[in-house]
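Here the structure is laid out as structure tokens; the discussion comes afterwards.
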Amino acid sequence: MSLSRRNFLRSAVLAPAVVGCSRQSAREVRIEELHADYEDFLYRTPIKFAGTAVDRVTLLNVHCRVRDRRGRTAKGFGSMPLGNIWAYPAPQMGYEGTLRAMKLLAARVEQITRDWREYGHPVDLNVALEPAYLAAAAEISSGARLPVPIPKLATLVVASPFDAAVHDAYGKLHDEYLEQYVTREPKPKMPLYHLVGALDPLTDADIKQRINDGLPETLPEWIRYSGLTHLKIKLNGDDLTWDVERVLAVDRVTTQTQAERGVTQWYYSADFNERCPNVGYLIEFLRRIKERAPEGFERIQYVEQPTKRDLKADRHNVMHEAAKLRPVVIDESLTDFEMLLLAREMGYTGVALKACKGQSQALLNAAAAQKYKMFLCVQDLTCPGASLIHSAGLAAHVPGVAAIEANSRQYVPAANKGWEERFPGVFDVRDGYVNTALLNKPGLSAV
């Protein structure tokens, strides 16, 4: 655990990919202009995050301009849902309370980033700025007497569109790539992982009242409409019988629908959002699925973050035995490189990359996961618009990532208006695959 992220940056793991770039002073940039704004959208249908139903989203958009030492400039754009229910679990503060705190932090992050006058590679800039972001979160938490201090994960989410905007501008200016661990050309297409939320109807019998907006509403309808072969199943984690029966029900409905389509191969992932009380719960869950639906069990590609995100306070919940059954992926816990190392020590065998934690961190953790031969996936936090392009681009350029999540097409399609035409086959999927061949522009490909 003595290998810090900064040392990792300077180790052979990323040299010459990152370190070599940062030493080429002519290619370094500094931030010349930066400003942020917000967009708010209502969900088409609610989605359940960690036991809480959410029906809206606030996007934080960041616009920047960078300059290199030769005086050349380029503009960049970053966008990310604030995702406060997921990143800032504090029921006593309510949805508006945690969102307000994250917006306060966004204003401070904007000021800190705009005032930073040093040159560097975007990864170096992010490494330098992150301590100031975390300090600002602590100051706001104390000054506003927040009952739950702003967590590190929420700080990363707030900072992520600022980091993305700088990466976007840098890529446009220099056509830069981390070629040792990230491919220059995107995969031409990738399977779409479709979310089956805990509140989502599986069949017509589950629908109390149809939305009737032209989009699918049941699981069979979505499978036929989008040609799905990958399903991410949201589970409760505090009701073993419900979780098992939910997976079995999804498997029954999917098996029947795929048989009608003539499809013989498809996959599931199981997402507990850290709500399992212990690893024994997960092992028993997998045992029951295997016993009652052996083929369904074989379709489970991986399991996401089954237990609490604070790994240091939950050291007894090691995943070695569970990971022998299926890859177990770290998600909410992954807030820095040190946590990746701790997760490996505790038996986690996979890493979930998220653009909402910052492009810099995603690239570093992607490199580390490849070096350590860990299972890799990319998840999108129901990202619409530019934030989905950021997330999908990450998945398309990182070797080993096999599929893409794109939940906004289900829950907040209004936020994708105008993007469908610019990126055909990304926001509206009909053949089960996301058209990632389009994600090949300098920067992050969104604008």
Side-chain angles (χ1 to χ4, degrees), residues 5 31 34-39 57-64 66 76-88 98-99 101-114 116 121-134 136-137 150-171 309 331-337 339-340 351-366 378-395 397-398 405 407-408 415 443-447:
R5 182 175 60 178
I31 299 163
L34 183 139
H35 70 276
D37 55 53
Y38 294 99
E39 290 182 276
V57 62
T58 295
L59 298 181
L60 174 57
N61 300 321
V62 178
H63 313 259
C64 81
V66 303
F77 177 70
S79 178
M80 195 56 58
L82 285 180
N84 48 312
I85 290 295
W86 174 77
Y88 195 168
T98 55
L99 180 62
M102 291 179 75
K103 283 187 170 183
L104 287 173
L105 179 58
R108 289 287 302 278
V109 168
E110 179 178 356
Q111 179 183 353
I112 291 167
T113 309
R114 186 191 299 119
W116 187 258
H121 183 278
V123 174
D124 293 327
L125 297 179
N126 183 259
V127 169
L129 286 167
E130 187 177 288
Y133 297 158
L134 294 170
I150 300 173
K152 183 174 184 179
L153 181 57
T155 303
L156 296 181
V157 170
V158 168
S160 66
F162 294 89
D163 182 42
V166 176
H167 273 274
D168 187 41
Y170 186 92
R309 67 182 66 183
D331 180 3
E332 285 89 350
S333 300
L334 187 57
T335 55
D336 54 39
F337 178 59
M339 294 308 296
L340 185 148
V351 169
L353 304 176
K354 270 192 165 87
C356 68
K357 298 179 187 178
Q359 293 287 322
S360 293
Q361 184 184 117
L363 292 171
L364 295 176
N365 287 326
V378 170
Q379 294 153 0
D380 81 334
L381 196 64
T382 314
C383 294
S387 59
L388 175 58
I389 298 300
H390 296 343
S391 180
L394 184 67
H397 287 278
V398 173
E405 284 189 17
N407 304 334
S408 63
L444 301 181
S445 293
V447 294

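Between K152 and E130, the closest side-chain pair of non-hydrogen atoms falls below 4.5 Å. Under the 4.5 Å side-chain criterion, counting only non-hydrogen atoms from C-beta, F162 is in contact with L60. Between S408 and C383, the closest side-chain pair of non-hydrogen atoms is not below 4.5 Å. T382 has its side chain out of reach of V57: every pair of non-hydrogen atoms, C-beta onward, lies at least 4.5 Å apart. Residues T113 and Y133 have side chains in contact (heavy-atom distance under 4.5 Å, counting atoms from C-beta outward). Looking only at side-chain heavy atoms (C-beta outward), H167 and V123 come within less than 4.5 Å of each other. Side-chain contact between L99 and Y88 is absent, with no heavy atoms from C-beta onward closer than 4.5 Å. Contact annotation: the side chain of F337 never approaches that of L364 to less than 4.5 Å [non-hydrogen atoms, C-beta and beyond].
Rounding to the nearest 0.5 Å gives a distance of 8.0 Å between CG of L153 and CG of D331. The distance from the CG atom of D336 to the CG atom of L156 is 8.0 Å, given to the nearest 0.5 Å. The distance from the CZ atom of R309 to the CE atom of M339 is 11.0 Å, given to the nearest 0.5 Å. Once rounded to the nearest 0.5 Å, the distance linking NZ of K103 with CG of L82 reads 7.5 Å. Distance check, rounded to the nearest 0.5 Å: NZ of K354 to CG of N365 gives 12.5 Å. In this structure, L129 CG and L134 CG are separated by 11.0 Å, a value rounded to the nearest 0.5 Å.
Using modelled atom types, one side-chain atom of Q361 and one backbone atom of T335 make a donor-acceptor pair closer than 3.5 Å. Proximity of a side-chain donor or acceptor of D380 to a complementary backbone N or O of N407 within less than 3.5 Å is detected. Listed for the S160 side chain is a donor-acceptor partner under 3.5 Å among the backbone atoms of V157. A donor-acceptor pair under 3.5 Å is formed between the side chain of D163 and the backbone N or O of S360.
For T155 against A137, the heavy-atom pair with the smallest separation is OG1-CB, 3.4 Å. Residue P81 comes nearest to S387 through the heavy atom pair CD-OG, 3.7 Å, listed as atom of the first residue, atom of the second, then distance. Nearest heavy atom pair, residue L394 against residue A355, reads CD2-N, 4.3 Å. Shown here for C356 and L381, the closest heavy-atom pair between the two residues is SG-CD2, 3.8 Å. Shown here for A106 and V158, the closest heavy-atom pair between the two residues is CA-CG1, 3.5 Å. Shown here for G76 and D168, the closest heavy-atom pair between the two residues is CA-OD2, 3.4 Å.
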Open item on the list: Between I389 and L444, does the side-chain contact (heavy atoms from CB on, under 4.5 Å) criterion hold? Intermediate values first, please.
Closed with: CA-CA 7 Å; I389 298 300; L444 301 181; 5.8 Å; no

- [ ] With side-chain hydrogen bond (donor to acceptor under 3.5 Å, both in side chains) as the test, would you mind laying out the steps for S79 and H390 before giving the verdict?
- [x] CA-CA 8 Å; S79 178; H390 296 343; over 6 Å; no

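Ring pair H63/F77 is tilted by interplanar angle, where 30° to 60° counts as tilted.
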